[in-house]
Amino acid sequence: MFAKLKVWRGVPGAAGRYEHHEVPFEQGQTVLDGLRWIRVHKDPSLAIRFSCINANACKECMIQVDGKTVYACTTRLAEREMTLEPLPNKSLIKDLVTEIAPPDERLESPPR
Amino acid sequence: METDVLVIGAGAAGMYAALAASRAGARVILADRSLIGRGGATVMAQMTVAVALGEETPDDAGHHLADTLKAGRGLCDEPLSRLLCEEAPECIRELDGWGVGWARNNGHISQVQAPGHDRPRCVYVDFVNTGPAVSKTLRTQLNRTPEIRRIGDLLVTELALSQGACIGAHAVHVTSGQTLGIAAKATIVATGGLTRLYGRNSASINMGGDGYALALAAGAELIDMEFVQFFPIGHLAPRLVGMDPIMWDPFRYKLGGRLLNAAGREFLQEEGRYATARDHATYAILTEVAEGRGSPHGGVWLSFQHCREAELRAAFGPIIDRLAANGIDLTRQAIEVAPMAHYHMGGIRVDADMRTTVAQLFAAGEAVGGANGANRLSGNAITEALVFGRRAGLRAAALALATKAPTLSAAPHPPEAKRDINPAAEIVRLQALMNEHVGPLRQKTGLERALEHIVQLAAHCNPGAPRGALDAEWIDLHDLASMRLVAECITRAALARTESRGAHQRADFPQASDAWQRHQAVRLAPDGVHVR
C-alpha cells in the first residue's frame with residue numbers, strides 16, 4: 001500500500017511549496033511513521049517535531065492533516081493523498097514545525 | 001547567559017533538581033532539547049514507582065534495599081542503592097502533597113506487588129498515567145517557581161571546562177540555529193539513558209545517550225555501560241497507536257495474564273502471576289523464539305482471555321476503549337510481545353552526593369550508573385529520578401553558593417561538516433546493528449562485527465555547525481555522533497565482560513563469574529574509548 005503525502009515545506013517570510021512523496025505503509029501505520037520514512041529514505045532535511053514517537057504522551061507532533069489539527073502519531077496513513085501542513089495559528093519555524101512552547105519557556109523570553 | 005546551577009534535561013530528575021536547587025537559594029537555568037517536561041522518559045512511564053511506604057503492608061527501606069541489591073545481581077553500587085531506597089518515601093510523599101494523585105484504597109496509597117519485590121511496594125496513578133502525572137505535577141511546581149529560568153529547544157553540545165572543572169555548557173538553540181554559552185557554577189546532567197540506540201525501544205527520540213557523550217568528552221568516567229535493560233513484554237503486534245509499547249506491564253500487575261508460546265504453553269511457570277524478573281523473562285522469551293516456539297512476528301503471546309470484560313473495565317477503564325479503537329478485544333485475542341530496550345543501568349559514575357569525577361559536574365536520574373547494578377528492580381526508575389534529582393539539586397546549589405562566577409569563553413567554531421551521508425538513515429542502521437549484536441543476547445563475533453561498523457562510522461560523525469533555523473539534518477548528525485560514541489562504550493564493555501550477569505548475557509560465556517563481580521569504568525582519551 002502507498003500513501004501520497006503532500007507535504008508543505010518552507011520557512012517564515014518566504015513562499016512555501018508542497019512536496020509530493022509516495023510512502024509505502026502497512027495497515028495500522030501512522031502519518032508520523034510516513035514522515036519518518038521520508039526523512040530516512042528521501043530527505044533528512046524535512047523538519048518535524050516529535051519526541052515520544054508512538055505513545056501520544058509528549059503531545060509535540062501536532063500538525064494539520066487535510067486541514068484538521070491532529071497528532072501525527074495517532075493519525076493513520078491511508079491509501080490516498082493526504083495534505084500535511086504546519087499549524088496555521090502558531091508561528092512557523094520550518095516545514096511542519098511551529099512554535100508550540102509556552103512563552104516563558106522560550107529562549108527569547110525575557111527573564112522575569 | 002550565566003547562572004548558579006545549570007540543569008540539562010527536563011524529565012523528572014532535571015525538574016526535581018531545578019526545584020531543589022532553587023529552594024536552596026540558587027539561581028537555576030533548566031534546559032531541555034525538547035519542550036520542558038514533555039520529552040524524555042518520565043512522561044512515558046506507565047507505572048509503577050517502588051517505595052517503602054508501608055501504607056497497606058508493613059515495609060521499610062531496608063526491605064526495598066535488599067530487593068534492589070538482589071535484582072542487581074551483585075553489582076549495585078550500594079551507597080547509591082541505599083540512598084534511592086531511604087529517601088524515596090520523602091520524595092513520593094512530597095509529590096503526593098503536590099497533588100500527583102497516587103491511586104488510593106480506603107484512604108491509603110495503593111501499593112501493588114511487582115516482580116522481584118518481597119511485598120506490595122509500588123505506587124501508581126490510574127489509568128496507566130503515572131509518568132504523565134509525575135511530569136505534570138513537577139511542571140506545575142516549576143510554574144510556581146518563576147525564579148527558575150526554563151528554556152526548551154536548547155540542545156547542549158559541549159560541557160565547558162576550565163582547569164578541569166565544569167563551568168557551564170555550550171548549546172544550540174535548535175529552532176533558531178543560534179549558538180550560545182551558559183556559564184554556571186555547577187552543572188547537572190539529567191539527560192536520561194540511551195535506549196534509542198536500539199531498533200526496538202520504548203524510548204523517546206531524546207534518549208540517544210547525549211548526556212553520556214557530553215560527560216565522556218568532559219573527562220568524566222562512566223560505569224557499567226554494558227548493562228542495558230530489555231523490557232521483556234514490549235508490544236509487538238498488532239500495531240497499536242497512541243499507546244506506549246510498555247503498556248502491558250500495568251496490565252500484568254493488576255490482572256496477571258498468561259505468557260504463552262506458539263504451542264499455547266506457559267513457559268515461565270508463573271501460573272498466571274506476574275512474577276519473573278526482567279532479565280530472566282527476556283532470556284526465556286528469546287529462547288522460545290530461537291527454538292521455534294515464537295509467535296508469528298517473532299515474540300510470544302500474552303493473553304488476558306481468562307479475564308471477563310467487567311474485570312478489564314474495572315482495572316483499566318478508558319484504556320479498554322483505546323484498545324478497541326485499535327481493533328483489540330482482550331477477551332477474544334492474545335497479543336504479541338517481545339523484549340525491547342527500556343532502561344540503562346550503567347551511566348555516569350557519581351558518589352552519593354551525585355558528584356561526577358569532574359569538579360562542579362553532577363548527574364541525576366537514569367544518566368547515573370550504579371544504583372541498579374546489572375538488572376533494575378521494576379519500579380526503581382522514577383524513584384531514582386526523584387531521589388537523585390533532589391539530591392543533585394541540593395548539592396549543586398550548595399557548591400554554587402560557595403563558588404565564584406566563572407567566565408566562559410566562546411566555543412571554538414566547529415569545522416565545516418561534509419554531510420556526505422543521510423544521518424537519519426545511518427541512525428536506523430546503527431539501531432538495527434545494536435539490536436542484533438549488542439542486544440539482550442551477545443557473543444564475541446557479533447560484538448566484533450558491531451564494533452567494526454561503529455568504529456568506521458566515526459569518520460562521518462562531525463556534525464559541524466547548524467545551518468539556520470531547525471536544521472533537522474544537523475540534529476541527526478549531532479545525535480548520530482553521540483549515539484556512535486555511546487554505542488562504542490557499550491560494545492567494548494560487553495566484549496570485555498566474558499561472563500553472563502543480569503542484562504548482559506553472553507552465549508559464549510553463559511555463566512556468571514565471581515571474578516567479574518566488579519564494575520567496568522569507561523573513559524575517553526585522545527586515542528579513543530578505554531574500558532578497564
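Below, chains carry the letters A, B, ... as their sequence lines are ordered, and counting in each starts from 1.
- Listed by sequence position, the residues of residues 193-202 of chain B in contact with chain A number zero, using a 4.5 angstrom heavy-atom cutoff.
- Using a 4.5 Å cut-off between heavy atoms, B/V43 contacts chain A through both its backbone and its side chain.
- In terms of heavy-atom proximity, A/D104 sits nearest to B/R149 at O-NH1, 4.5 Å.
- No part of A/Y71 comes within reach of chain B, as not one of its non-hydrogen atoms sits under 4.5 angstrom from that chain.
- Formation of a donor-acceptor pair under 3.5 Å by the A/N54 side chain with backbone atoms of B/L240 is found in this model.
- In this structure, chain A has no heavy atom under 4.5 Å from any part of B/A41.
- Considering only heavy atoms from C-beta on, A/R49 comes within 4.5 Å of B/D153 through its side chain.
- Contact of A/P102 with chain B is made through the side chain alone, with heavy-atom distances under 4.5 Å.
- Applying the salt bridge (charged side-chain N to carboxylate O under 4.0 Å, His left out) rule to pairs touching residues 38-48 of chain A yields A/R9-A/D43, A/R39-B/D476, sequence neighbours excluded.
- In the displayed structure, B/K136 atom NZ is contacted under 6.0 Å by at most 12 heavy atoms of other residues, nucleotides or ligands.
- Taking both residues in full, the closest heavy atoms of B/V241 and A/G28 are given as CG1-O, 3.6 Å, listed atom of the first, atom of the second, then distance.
- Of the atoms belonging to A/L46, it is backbone heavy atoms, and not side-chain ones, that fall under 4.5 Å from chain B.
- Looking at B/Q178, the atoms closer than 4.5 Å to chain A (heavy atoms on both sides) all sit in the side chain, from C-beta outward.
- Neither the backbone nor the side chain of B/A31 comes within contact range of chain A; no heavy atoms are under 4.5 Å apart.
- Residues A/L107 and B/M1 form a side-chain contact, since some pair of their non-hydrogen atoms from C-beta on lies under 4.5 Å apart.
- Within the 4.5 angstrom heavy-atom criterion, no atom of A/R36 approaches chain B.
- Of the residues B/E473, B/R467, B/R419, the one that meets the side chain to side chain contact (heavy atoms under 4.5 Å, CB included) test with A/S45 is B/E473.
- One finds the CG atom of B/L470 at 6.5 Å from the CD1 atom of A/I93 (value rounded to the nearest 0.5 Å).
- Counting only residues at least two apart or in different chains, salt bridge (charged side-chain N to carboxylate O under 4.0 Å, His left out) contacts with residues 29-43 of chain B comprise B/R33-B/D210, B/R33-B/D479.
- Here A/V40 is the residue among A/T75, A/V97, A/V40 with the most heavy-atom pairs under 4.5 Å with chain B.
- The minimum heavy-atom distance between B/G242 and A/N56, with the atom names listed, is CA-CB, 3.8 Å.
- Residue A/E105 forms a side chain to side chain contact (heavy atoms under 4.5 Å, CB included) with just one option from B/L142, B/L30, B/L154, B/N143, and that option is B/N143.
- B/R322 is linked by a side-chain contact (heavy atoms from CB on, under 4.5 Å) to B/M243, B/I319, counting only residues two or more places apart in sequence or in another chain.
- In this structure, the portions of A/C52 lying under 4.5 Å from any heavy atom of chain B include both its backbone and its side chain.
- Looking at A/E26, there are no atoms closer than 4.5 Å to chain B (heavy atoms on both sides), in backbone or side chain.
- With a 4.5 Å cut-off on non-hydrogen atoms, A/D95 does not touch chain B at all.
- The closest side-chain heavy-atom distance from A/D33 to B/R239 is below 4.5 Å.
- Residues A/S51 and B/G39 come closest through the heavy atom pair OG-CA, 3.2 Å.
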